[in-house]
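Everything on this sheet refers to the single structure shown next.
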Amino acid sequence: MRYTAPPYMNDVLPHEPVREPWLHTARWRAAESRFRAICQQWGYREIRTPIVEQTELFTRSIGGETDIVSKEMFSFEDRGGRGLTLKPEGTAGVVRAALEHGLLNVAPVTRLWYISPAFRYERGQRGRYRQHHQLGVEVFGAGGPEIDAEVILLALAFYASVGIPTLPVRINSLGTPESRAIYREALRDFIRPNLDKLSEEGRRRFEVNPLRMLDTKSAGDLELLQGAPALLDCLDAGSRDHFDELQALLRAEQTPFIVDPHLVRGFDYYTRTAFEIAGEGLGAQNALGGGGRYDGLVQECGGPQTPAIGFGLGLERLLISLNQLDISLPVEDENIDAFIVVLSESQEVWRAAFGLQQAIRRAGLAAGMCYHARKFKAQMKAADLAGARYTVLLGDDEFRRGTVAIRKQETHQQADIATHEAVTELKRLLSKPGSQTEGS
């Protein structure tokens, strides 16, 4: 029997796949490194949380009637009878960790970032995977529109740093729970005369969470919602002032944006600001990520009332977009510095070669040798596959003389050197300008 990866979950490989070149570990590390650098530059610190959390954490925070909780979570009961769930998003786990470890007591404002897998059992397609990865930030303790603008600008700065052109960011205000309650009834009153024309899913959302009707993909439901009242018309004064100042801050930074009154996002915990970012020139699958404010979530999870905001950006979407736009990030040079080639059948010579390889590694250089083949041609092929800059040749004659031949692979030039000086000579050669080549 041949095994394959689970549906819509991907292997990320050390070599660039022909069909999906973005599934290459070097590309992933390059994008992750750029995100890490931006976050550190902006004063955010890393947090890592478990891949599983108590199921109730998500049902309480995300909302039991959202598609994520009702249809898409990977949930199970462990051997101790505890309900656990593979995390479908990053925010709830970060809130739980911040409360559990007292992170919110360290400073008035806590800025965190993370890179994390997330799991959703949804209809898979390219760019929409059941295991995907999020680049996320969460900020606790700041309630003003300034931090909303900062979080949006951080996301846009990251995309600019990797070369992806973005469309104007879409923003909306969801107001307070009280103003949303007024809006829910206004929305119900608007659609009630045509309730029987709604899709089955639309009618269900009408009953349990009317705002979710705005997030529909049904063309018929969208047509029925044309002319529906806007949430912005029901905002309380505080939310209106907050939203107006956010727009003023974005204008001051010359950041293009569009006010989208139908933007509600997929989580029930959002309050006031919500935003989404899409890429330019990427076709229908152009959504890159988004986020919003969740001022009630910390309290919902058992903590004090704490203003908070964050975002989640899809790593797979980012990498696919880079590939579509033919943008190459500089990646780590994974070629090795020296490859030991043994020209002998003597086990003693092979043992000496193995020792030399370890000495080179202890000196901080990358080294390798071929354990599966003893023919010169096969070993040289292995050296080429490893991208070796230099080969170190050791045969019976060299072993007796106490020397090795160091050969530069690019030019085929080589010179004999005393074995005990080989590591020092390699370090000298590799320190020369042009001795190391860029990875691809």
Side-chain angles (χ1 to χ4, degrees), residues 61-63 65-69 88-92 94-95 134-140 142-156 159 166-184 186-187 205 209-217 225 228-236 238-250 255-278 286-298 300 306-314 317:
S61 62
I62 297 175
E65 297 302 329
T66 61
D67 286 349
I68 291 174
V69 170
E89 55 91 43
T91 300
V94 172
V95 170
Q134 292 184 350
L135 310 169
V137 305
E138 314 292 348
V139 182
F140 303 98
E146 296 82 7
I147 196 66
D148 300 22
E150 176 181 297
V151 165
I152 292 171
L153 292 170
L154 190 159
L156 293 173
Y159 286 124
T166 56
L167 296 168
V169 60
R170 296 164 56 218
I171 62 173
N172 192 20
S173 177
L174 305 183
T176 63
E178 293 75 20
S179 60
R180 278 206 307 280
I182 295 171
Y183 177 66
R184 278 196 297 269
L187 190 58
R205 291 179 174 181
N209 191 347
L211 265 69
R212 303 298 303 143
M213 291 191 296
L214 301 175
D215 197 33
T216 182
K217 301 296 189 294
L225 287 164
L231 201 158
L232 294 174
D233 296 332
C234 298
L235 288 184
D236 57 284
S239 295
R240 167 56 66 185
D241 291 344
H242 185 107
F243 193 51
D244 288 345
E245 181 59 21
L246 170 62
Q247 294 176 67
L249 289 165
L250 293 177
T255 301
F257 65 87
I258 295 172
V259 175
D260 182 352
H262 284 181
L263 176 62
V264 294
R265 302 286 292 157
F267 307 128
D268 284 354
Y269 54 59
Y270 281 122
T271 56
R272 291 190 169 173
T273 302
F275 66 92
E276 284 191 351
I277 299 171
N286 68 347
L288 297 173
R293 178 168 285 281
Y294 49 94
D295 291 342
L297 183 55
V298 174
E300 180 69 23
T306 305
I309 186 172
F311 66 60
L313 312 178
R317 285 284 180 91

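Just so it is clear, the model here is predicted, and its values are computed rather than measured.
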Heavy-atom closest contact ([X] atom, [Y] atom, distance):
X      : Y      : result
Leu187 : Ala228 : CD1-CB, 3.9 Å
Gly290 : Leu313 : N-CD2, 4.2 Å
Leu288 : Ala278 : CD1-C, 3.9 Å
Thr255 : Leu153 : OG1-CD2, 3.2 Å
Tyr270 : Arg180 : O-NH1, 3.1 Å
Ser239 : Gly175 : OG-CA, 3.5 Å

Hey, are the side chains of [X] and [Y] touching, using non-hydrogen atoms and a 4.5 Å cut-off?
X      : Y      : result
Leu174 : Leu231 : yes
Pro145 : Leu249 : yes
Thr91  : Leu297 : yes
Leu232 : Phe243 : yes
Asp148 : His242 : yes
Arg293 : Pro307 : yes
Thr166 : Leu156 : yes
Phe311 : Leu154 : yes

Taking [X] for the side chain and [Y] for the main chain, is one N or O donor matched with an acceptor at less than 3.5 Å?
X      : Y      : answer
Glu89  : Ala92  : yes
Gln134 : Gly136 : no
Ser179 : Thr176 : yes
Tyr183 : Pro229 : yes

Step-by-step salt bridge (charged side-chain N to carboxylate O under 4.0 Å, His left out) determination, Arg240 to Asp244: CA-CA 6 Å; Arg240 167 56 66 185; Asp244 288 345; 3.6 Å; yes
Roughly how far, to the nearest 0.5 Å, is the CD1 atom of Ile171 from the CD1 atom of Ile277? 11.5 Å
What's the spacing between Asp233 CG and Ile182 CD1 if we round to 0.5 Å? 12.5 Å
Holding to salt bridge (Lys or Arg N to Asp or Glu O under 4.0 Å), I want the full list of residues that pass it with Glu245, two or more places apart in sequence or in another chain.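 For Glu245 there are no salt bridge (Lys or Arg N to Asp or Glu O under 4.0 Å) partners, ignoring immediate neighbours.
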Among all residues two or more places apart in sequence or in another chain, which pass the salt bridge (Lys or Arg N to Asp or Glu O under 4.0 Å) test with Glu276?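 Arg170, Arg265.
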May I have the step-by-step check of side chain to side chain contact (heavy atoms under 4.5 Å, CB included) for Asp236 and Glu178, ending in yes or no? CA-CA 8 Å; Asp236 57 284; Glu178 293 75 20; over 6 Å; no
Verdict with reasoning, Asn172 to His262, per side chain to side chain donor-acceptor pair (under 3.5 Å): CA-CA 8 Å; Asn172 192 20; His262 284 181; over 6 Å; no
Yes or no on side chain to side chain contact (heavy atoms under 4.5 Å, CB included) for Val169 and Ile258, after CA distance, side-chain angles and deciding distance? CA-CA 6 Å; Val169 60; Ile258 295 172; over 6 Å; no
Electrostatic pair Arg272:Asp295 at N-O distance under 4.0 angstrom: no
For the residue pair Glu300 and Tyr294, confirm or rule out a side-chain donor-acceptor distance under 3.5 Å. no
